[in-house]
Amino acid sequence: MGHMTMKLIDIGANLTHPAFAHDLSVVLDRAFATHVVQMIATGTDVLSIQQGIELNAMHPQRIFTTVGLHPHNSKDFSDAIGAELMQLAHSPAVVAIGETGLDFNRNYSPPAQQEKVFEWLLELAVARNLPLFLHERDAHDRFFDIVHHYREQLHNVVVHCFTGDRRALFRYLDLDLYIGITGWVCDERRGYDLHPLLPSIPNNRLMIETDAPYLFPRGVIVPPGVNQQRNEPCMLPFILEEVARHQKKPAQEVSQNLIATTRAFFDLPDISMAD
């Protein structure tokens, strides 16, 4: 492994979002060129999962997907959608169940319905023995209680896009959950709450993600061809650098820990030979 090439894995990019419909191949090339060697396309509904599986067929070692229903979409859940999700969860392209969880910030779906679908997907993860990719916003206590109830039966679990406080972080770590950090950490207006928490996240519990096209990292030198209105996986190195700075560790060491943790969490192939 060349000492200058810090390989990274983006654990959450909405690659099937309409924002990427016209130039996804360029976006992926830019990511690979910045040593983002693998990406997990976030599945938020049946269509995005199907498209994620197609991306895996085109990039079998590089792009994987998840099977879930974003809390915002839980009002759409039906027996028919449940049957489709169960079927999709058998695809070899699928490395986790998610995105699922609770979002009481907007309540695009009623809280009771969000909880019902969340529990249904937790049970699917138990049945398939797959890791979980979870979303929580303004719902910590209910979310924590539900995850806690299922924890013994569950495989690996990551709370993605973590922006919570110290209490939430330590409660998640006590449940042996993993923590996903986004470009939020680069935002001088919002990221400072996270900065003092970063040294408390153990190496073997930390992963990073862009959540593209959302959460464009602020205060960074924007690479050629990238539009600040749309985040991309090629922005992941900026998140690595910011995390390493606050952990007071060399970025190279942090990137090696991230790769090892992420590959183990999702059971991803080690493609270092191919690079």
Side-chain angles (χ1 to χ4, degrees), residues 1-15 17 19-20 23-42 55 59 61-64 158 160-163 178-192 194-195 197-199 201 203-266 268 270-272 274-275:
M1 194 160 151
H3 67 283
M4 290 313 290
T5 56
M6 292 186 285
K7 297 189 172 75
L8 291 171
I9 299 172
D10 191 343
I11 69 156
N14 297 280
L15 297 175
H17 190 283
F20 296 118
D23 65 344
L24 183 61
S25 61
V26 176
V27 167
L28 295 178
D29 287 344
R30 258 198 295 267
F32 297 141
T34 49
H35 308 293
V36 179
V37 292
Q38 288 167 314
M39 291 166 249
I40 297 173
T42 308
L55 282 176
H59 305 273
Q61 298 286 298
R62 303 274 187 175
I63 300 178
F64 303 90
V158 61
H160 109 98
C161 191
F162 177 79
T163 56
Y178 291 67
I179 306 294
I181 296 290
T182 63
W184 184 284
V185 77
C186 300
D187 190 328
E188 75 286 354
R189 304 162 304 172
R190 306 185 292 193
Y192 55 78
L194 272 181
H195 296 162
L197 300 181
L198 289 169
I201 306 175
N203 292 343
N204 64 349
R205 287 293 171 266
L206 175 68
M207 298 188 280
I208 61 174
E209 54 184 318
T210 56
D211 202 27
Y214 310 109
L215 298 175
F216 194 95
R218 285 171 55 87
V220 302
I221 297 156
V222 182
V226 175
N227 173 356
Q228 278 179 279
Q229 304 305 308
R230 182 186 75 170
N231 196 14
E232 297 185 18
C234 73
M235 301 301 289
L236 201 61
F238 294 107
I239 300 171
L240 164 71
E241 285 164 21
E242 191 71 10
V243 167
R245 193 158 72 86
H246 293 288
Q247 289 196 328
K248 298 186 171 58
K249 291 179 186 164
Q252 179 74 40
E253 180 191 322
V254 176
S255 81
Q256 285 170 332
N257 288 333
L258 288 167
I259 283 269
T261 300
T262 305
R263 289 216 168 120
F265 180 98
F266 292 105
L268 300 181
D270 179 350
I271 54 167
S272 51
D275 297 324

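Computation of the quantities below employed the complete heavy-atom set of this structure, encompassing side-chain atoms and omitting hydrogens, waters and symmetry-equivalent molecules.
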*Asks:* Step by step, would you call Leu240 with Leu258 a side chain to side chain contact (heavy atoms under 4.5 Å, CB included)?
*Replies:* CA-CA 9 Å; Leu240 164 71; Leu258 288 167; 3.8 Å; yes
*Asks:* Once you round to the nearest 0.5 Å, how far does CD1 of Ile208 lie from OG1 of Thr261?
*Replies:*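 The CD1 atom of Ile208 sits 11.0 Å away from the OG1 atom of Thr261.
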*Asks:* Is any side-chain heavy atom of Phe20 closer than 4.5 Å to one of Pro213?
*Replies:*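 Sidechains of Phe20 and Pro213: in contact.
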*Asks:* Rounded to the nearest 0.5 Å, what's the gap from CD1 on Ile11 to CD on Glu209? Could you check?
*Replies:*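 Those atoms lie 4.5 Å apart.
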*Asks:* Taking side chain as C-beta onward, heavy atoms only, is Asp187 less than 4.5 Å from Val185?
*Replies:*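 SC-SC contact between Asp187 and Val185 ruled out.
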*Asks:* With rounding to the nearest 0.5 angstrom, report the CD to OG1 distance, Glu242 to Thr182.
*Replies:*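 The CD atom of Glu242 sits 11.5 Å away from the OG1 atom of Thr182.
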*Asks:* Work out which heavy atom in Ile259 is nearest to a heavy atom in Lys7; give both atom names and the distance.
*Replies:*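 The pair with the smallest heavy-atom distance is CG1-O, 3.4 Å.
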*Asks:* Check whether any side-chain heavy atom of Val27 lies under 4.5 Å from a side-chain heavy atom of Cys234, and answer yes or no.
*Replies:*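 They are not in contact (no side-chain heavy atoms under 4.5 Å apart), so the answer is no.
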*Asks:* Please step through side-chain hydrogen bond (donor to acceptor under 3.5 Å, both in side chains) for the pair Asp211 and Asn231, ending with a clear verdict.
*Replies:* CA-CA 8 Å; Asp211 202 27; Asn231 196 14; over 6 Å; no
*Asks:* Testing the basics here: between Gly180 and Val158, what is the closest heavy-atom pair and its distance to 0.1 Å?
*Replies:*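 The answer is N-CG2, 3.7 Å.
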*Asks:* State, to 0.1 Å, how close Ile221 and Phe238 come at their nearest heavy-atom pair, and which atoms those are.
*Replies:*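 For Ile221 and Phe238, the tightest heavy-atom pair comes out as O-CZ, 3.2 Å.
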*Asks:* So how far is it from His35 NE2 to Met6 CE, rounded to the nearest 0.5 Å?
*Replies:*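 Result: 8.5 Å between the selected atoms.
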*Asks:* Donor-acceptor pair, distance only, cut-off 3.5 Å: does the side chain of Glu232 make one with the backbone of Ala212?
*Replies:*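 Checked: no pair found.
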*Asks:* Considering the options Val37, Leu28, Leu55, Leu268, which one meets the side-chain contact (heavy atoms from CB on, under 4.5 Å) requirement together with Arg62?
*Replies:*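 Between Arg62 and the candidates, side-chain contact (heavy atoms from CB on, under 4.5 Å) is satisfied uniquely by Val37.
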*Asks:* Mind checking whether Phe265 and Tyr178 have ring centres under 6.0 Å apart?
*Replies:*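 That pair passes the under 6.0 Å test.
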*Asks:* Mind listing the closest non-hydrogen atom pair of Met235 and Phe216 along with its distance?
*Replies:*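 That would be CE-CZ, 3.5 Å.
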*Asks:* Contact between Arg263 and Gln38 at the side-chain level, heavy atoms closer than 4.5 Å - yes or no?
*Replies:*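 With C-beta onward as the side chain, the pair touches.
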*Asks:* Going by heavy atoms in the side chains, are Leu8 and Pro233 under 4.5 Å from each other?
*Replies:*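 When only atoms from C-beta onward are counted, Pro233 and Leu8 do not touch, as no gap falls below 4.5 Å.
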*Asks:* Looking at Val222 and Val226, what are the two nearest heavy atoms and their distance?
*Replies:*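 Looking at all heavy atoms of both residues, the shortest contact is CG1-O, 3.5 Å.
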*Asks:* Would you check if Met39 and Ile9 make a side-chain contact, meaning some heavy-atom pair closer than 4.5 Å?
*Replies:*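 Side-chain contact under 4.5 Å: no.
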*Asks:* Do the ring planes of Tyr214 and His17 sit parallel (below 30°), tilted (30 to 60°) or perpendicular (above 60°)?
*Replies:*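 The arrangement is perpendicular - the two ring planes meet at more than 60°.
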*Asks:* What's the separation between atom NE2 in His246 and atom CD1 in Ile181, rounded to the nearest 0.5 Å?
*Replies:*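 So the NE2 of His246 and the CD1 of Ile181 are separated by 11.0 Å.
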*Asks:* Do Thr210 and Asp10 have side-chain atoms, one donor and one acceptor, less than 3.5 Å apart?
*Replies:*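 Checked: Thr210/Asp10 side chains pair up, N/O donor to acceptor below 3.5 Å.
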*Asks:* When you measure from the side chain of Thr34 to the backbone of Ala31, do you find a donor-acceptor pair of N or O atoms at a distance under 3.5 Å?
*Replies:*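 Yes, because the side chain of Thr34 sits within donor-acceptor range (under 3.5 Å) of the backbone of Ala31.
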*Asks:* Hey, what do you get for NE2 (His195) to SG (Cys186), rounding to the nearest 0.5 Å?
*Replies:*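 Interatomic distance, His195 NE2 to Cys186 SG, rounded to 0.5 Å: 7.0 Å.
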*Asks:* Please identify which of these residues, Lys249, Glu253, Gln247, meets the side chain to side chain donor-acceptor pair (under 3.5 Å) condition with Asn203.
*Replies:*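 It is Lys249; the other options fail the test.
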